[in-house]
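Reviewing the structure listed below.
Not measured: the values here are computed from a predicted model.
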Amino acid sequence: MILKDVIKLDERFQTSVNIRFDIDKISKIDEFIPAKSTLNVLESYLENIFEKKNNKSTLLVGPYGKGKSHLLLVLLALLQNRNDKKWENSITRFCEKIKKQNKRLAACIEKNILCGRENKKRYLPVIISFGRSSLENSYRLALFQALEREKITNLMPDSIYDEVLKKTESWKKDYPETYERFTKNLENAGYEVEKFASDIKKNILTALEVFKKIYKELTAGGEFNPLLENNIPKIYENVAYELKKYGFDGMIIVFDEFSKFIEGEDSRETSKDMELVQSMCELCNASKEPDIRHIFIAHKSIREYGNFLSPQILNSFRGVEGRLQEVVFRTSAQNYYELMMNVIQKNDSALQGYFDEYGIKTSDIVNRTYNMTNMYTIFDKKDYEKIIVKGCFPMAPLTTYILVKISEKVGQNERTVFTFMSDNAPNTLARFVKEHVQGADTLVSADNVFDYFAYIFEKDVLNERCHSEYIKAKYLIKKIDIEKQKAAKEAYYGEKLFEYMTKIIKSIALLNMLNQTELIPNDKCIMSMVCLEDNRNLYDDAKKALISYGYLNYRQRSDSYVFRINTDTNLENEIEKRKNKVKITNRTIAECFRETANKQY
């Protein structure tokens with residue numbers, strides 16, 4: 001018997017929710033799994049809107065993978081209030097589904113949404129996705145896309161990009177010689193005409209700057225500066241007033257991935273960008289009719305960034321912070337683990353047959369792991385066995401716990417607890433089930449979590465602890481690979497020994513990242529993460545090999561294992577010292593590339 005015979009994973013969780021791309025998908029309302037805490041946040045937002053309360057600019061804070069985006073997708077679907085039978089049926093089903101859990105929310109939906117057309121409240125959703133363009137352009141483009149969805153782009157005032165297209169069309173039609181010179185200058189600047197037009201339509205700043213430069217050459221020094229309304233808050237306010245004619249009560253603006261915007265903010269643009277954010281908050285807070293709301297989504301409070309953000313960015317944000325009410329999105333641990341259990345669909349009788357065939361005694365697993373984490377404060381032993389040991393099988397209990405905690409620390413929109421479980425990518429639960437063969441290990445060990453999030457550990461230098469532990473583990477794993485190449489394959493355990501050595505290193509790194517007092521890297525804990533088939537001899541030999549190679553040390557006083565790396569140098573400090581020794585030059589990036597890569601840039 002193999003895992004595919006007893007387990008099927010819910011494919012709805014293969015990809016994370018993307019508000020911008022999923023805004024029109026009615027299926028996402030039906031897929032929403034309501035938890036008590038989630039419904040409470042939804043109720044709070046709807047009551048604030050329908051009762052005209054003043055909490056109009058909010059910062060929704062919660063870790064990745066906890067359902068913030070899906071919650072807001074449902075909120076926006078409710079507020080769109082479409083005149084569409086499929087949409088209405090979906091909202092009706094949603095209302096029936098939540099009645100037992102939250103009667104007040106269901107009543108609010110029935111009163112303001114599932115009601116006569118004259119009483120219905122309707123809002124236009126605007127999704128801000130900050131990308132390559134400036135923040136101003138991101139706001140402008142988001143508004144255009146929102147109006148485009150409703151087929152009312154006539155409300156959108158022209159932008160400088162629209163004026164560029166008009167000007168080039170005018171040259172092409174009425175001044176062919178000028179247009180020919182323009183296209184030649186474009187080619188000299190490395191732009192094809194079609195690519196230039198495409199970038200202008202996408203509001204790409206580089207294309208605009210190229211045009212302004214060519215315009216100056218074609219007009220003997222003239223500046224391209226059309227008379228336009230460029231004040232973003234004023235544009236939003238004007239459009240909101242016009243929306244009343246189309247039956248909208250207001251507008252709800254969602255700034256998705258706001259924390260990524262903060263993390264990637266250019267210090268040269270900080271003052272201007274934060275001034276815009278502040279002005280948008282002030283517009284919303286002062287609005288009455290039409291009603292304008294703004295929700296910023298972040299995976300942690302800005303204050304939690306501490307020293308990872310420059311003082312300039314933190315100081316600029318303080319002016320905004322006072323205009324934002326923070327809404328903390330919390331999902332109870334029990335609800336979250338139950339949701340994870342529901343992702344793994346099982347045939348109970350077949351599962352018991354599988355346990356019998358592989359000699360898995362869930363009661364033994366309970367006794368070995370129940371008190372190792374804080375799960376004993378969430379579940380009694382009966383529920384722990386039902387939800388964690390059996391419900392989240394084939395993940396080992398510590399794998400389940402560590403997956404949740406690591407995702408809270410480093411998860412991103414595209415890598416969450418649920419994508420780990422459902423997505424058929426390398427190092428996921430879905431891939432483990434798919435590739436499982438007769439007689440292979442039956443439980444997913446914690447090193448899969450390490451591998452799945454490795455890309456984030458490596459690139460997220462702001463998360464100093466996780467990044468540092470990953471670098472140490474990566475260094476030791478390379479050393480193990482070298483030893484593996486030297487060793488004879490006919491050794492007693494063969495490659496399995498080196499596989500377990502790597503598992504131990506990855507497990508210790510994860511424990512160090514979490515840095516929890518109840519989870520220390522001792523034999524009991526590491527074995528529960530690595531030695532999933534109770535193969536104590538293999539575990540002991542792998543551990544002894546790591547110590548003999550000089551990769552691990554055992555500290556008797558704390559009963560724990562620590563990495564032993566030949567240097568105690570603080571890598572970050574050493575990099576800073578060497579940077580300070582380097583002489584600053586005026587060489588461009590292209591020149592540096594030419595010198596190092598021996599290619600033309």
Side-chain angles (χ1 to χ4, degrees), residues 18 20-21 23-24 126-232 235-236 238-239 256-257 260-261 264 266 268-269 272-273 276 587-594 597-601:
N18 185 301
R20 179 184 165 196
F21 297 124
I23 185 73
D24 289 325
V126 180
I127 316 300
I128 312 295
S129 292
F130 184 71
R132 290 188 295 166
S133 297
S134 67
L135 186 58
E136 280 188 1
N137 282 336
S138 295
Y139 267 97
R140 183 185 282 275
L141 185 60
L143 182 57
F144 176 81
Q145 290 168 340
L147 295 172
E148 191 175 39
R149 282 196 305 272
E150 299 294 332
K151 298 180 174 57
I152 48 176
T153 52
N154 56 295
L155 298 185
M156 189 72 192
D158 285 345
S159 71
I160 192 169
Y161 294 92
D162 298 315
E163 293 299 318
V164 169
L165 290 174
K166 286 180 184 178
K167 181 59 71 176
T168 55
E169 284 300 315
S170 169
W171 285 341
K172 187 175 182 180
K173 181 180 178 182
D174 301 322
Y175 305 97
E177 290 182 6
T178 304
Y179 184 73
E180 186 178 349
R181 288 169 59 202
F182 167 69
T183 55
K184 283 183 179 178
N185 284 6
L186 263 185
E187 290 172 7
N188 292 336
Y191 249 123
E192 293 179 359
V193 176
E194 292 78 9
K195 178 69 167 64
F196 169 78
S198 173
D199 282 2
I200 287 294
K201 288 175 183 176
K202 293 175 184 175
N203 290 9
I204 303 297
L205 184 60
T206 308
L208 177 61
E209 289 172 345
V210 167
F211 177 82
K212 284 183 173 181
K213 184 179 178 183
I214 295 174
Y215 182 88
K216 187 178 285 189
E217 293 169 358
L218 296 178
T219 58
E223 294 286 345
F224 185 72
N225 193 19
L227 294 174
L228 297 166
E229 175 60 78
N230 289 318
N231 185 299
I232 296 297
I235 290 172
Y236 270 74
N238 291 342
V239 170
D256 199 11
E257 301 286 356
K260 279 189 179 178
F261 161 73
D266 186 337
R268 293 169 296 182
E269 301 292 328
K272 185 175 74 172
D273 286 349
L276 174 56
R587 288 186 302 170
T588 65
I589 293 173
E591 287 172 335
C592 293
F593 270 113
R594 283 198 294 269
N598 197 26
K599 290 183 179 180
Q600 284 300 311
Y601 282 88

Minimal non-hydrogen separation, R20 against S129, with atom names
CD-OG, 3.5 Å
Strictly by side-chain hydrogen bond (donor to acceptor under 3.5 Å, both in side chains), give each pair with a member in residues 143-153 just once, sequence neighbours left out.
R122-E150
Residues two or more places apart in sequence or in another chain: which of them pass side-chain hydrogen bond (donor to acceptor under 3.5 Å, both in side chains) with E209?
none
State yes or no: are the ring centers of F182 and F196 separated by less than 6.0 Å?
yes
Could I get the full list of side-chain hydrogen bond (donor to acceptor under 3.5 Å, both in side chains) partners for N154, not counting sequence neighbours?
Y246
Tightest non-hydrogen contact, residues A142 and I127, listed as CB-O, 3.1 Å
Run the side-chain hydrogen bond (donor to acceptor under 3.5 Å, both in side chains) test against S159 and tell me which residues pass, sequence neighbours left out.
D162
Under the side-chain hydrogen bond (donor to acceptor under 3.5 Å, both in side chains) test, residues paired with Y191 that sit two or more places apart:
D199
Applying salt bridge (charged side-chain N to carboxylate O under 4.0 Å, His left out), name anything that partners K184, two or more places apart in sequence or on another chain.
E180
Looking at residues at least two apart in the chain, or sitting in another chain, which of them share a salt bridge (charged side-chain N to carboxylate O under 4.0 Å, His left out) with E194?
none
Show the nearest heavy-atom pair for residues L143 and V126, with the distance to one decimal.
N-CG1, 3.8 Å
Please name all residues satisfying side-chain contact (heavy atoms from CB on, under 4.5 Å) with T206, sequence neighbours left out, ordered by chain then number.
I204
Heavy-atom closest contact (E217 atom, R181 atom, distance):
O-NH2, 4.1 Å
How would you list, by chain and number, every residue that makes a side-chain contact (heavy atoms from CB on, under 4.5 Å) with E136, sequence neighbours excluded?
S134, I232, L276
Would you give me the side-chain donor-acceptor pairs under 3.5 Å for residues 166-178, sequence neighbours excluded?
residue, atom, partner, partner atom, Å
K166, NZ, D158, OD2, 2.5
T168, OG1, V164, O, 3.2
T168, OG1, L165, O, 3.0

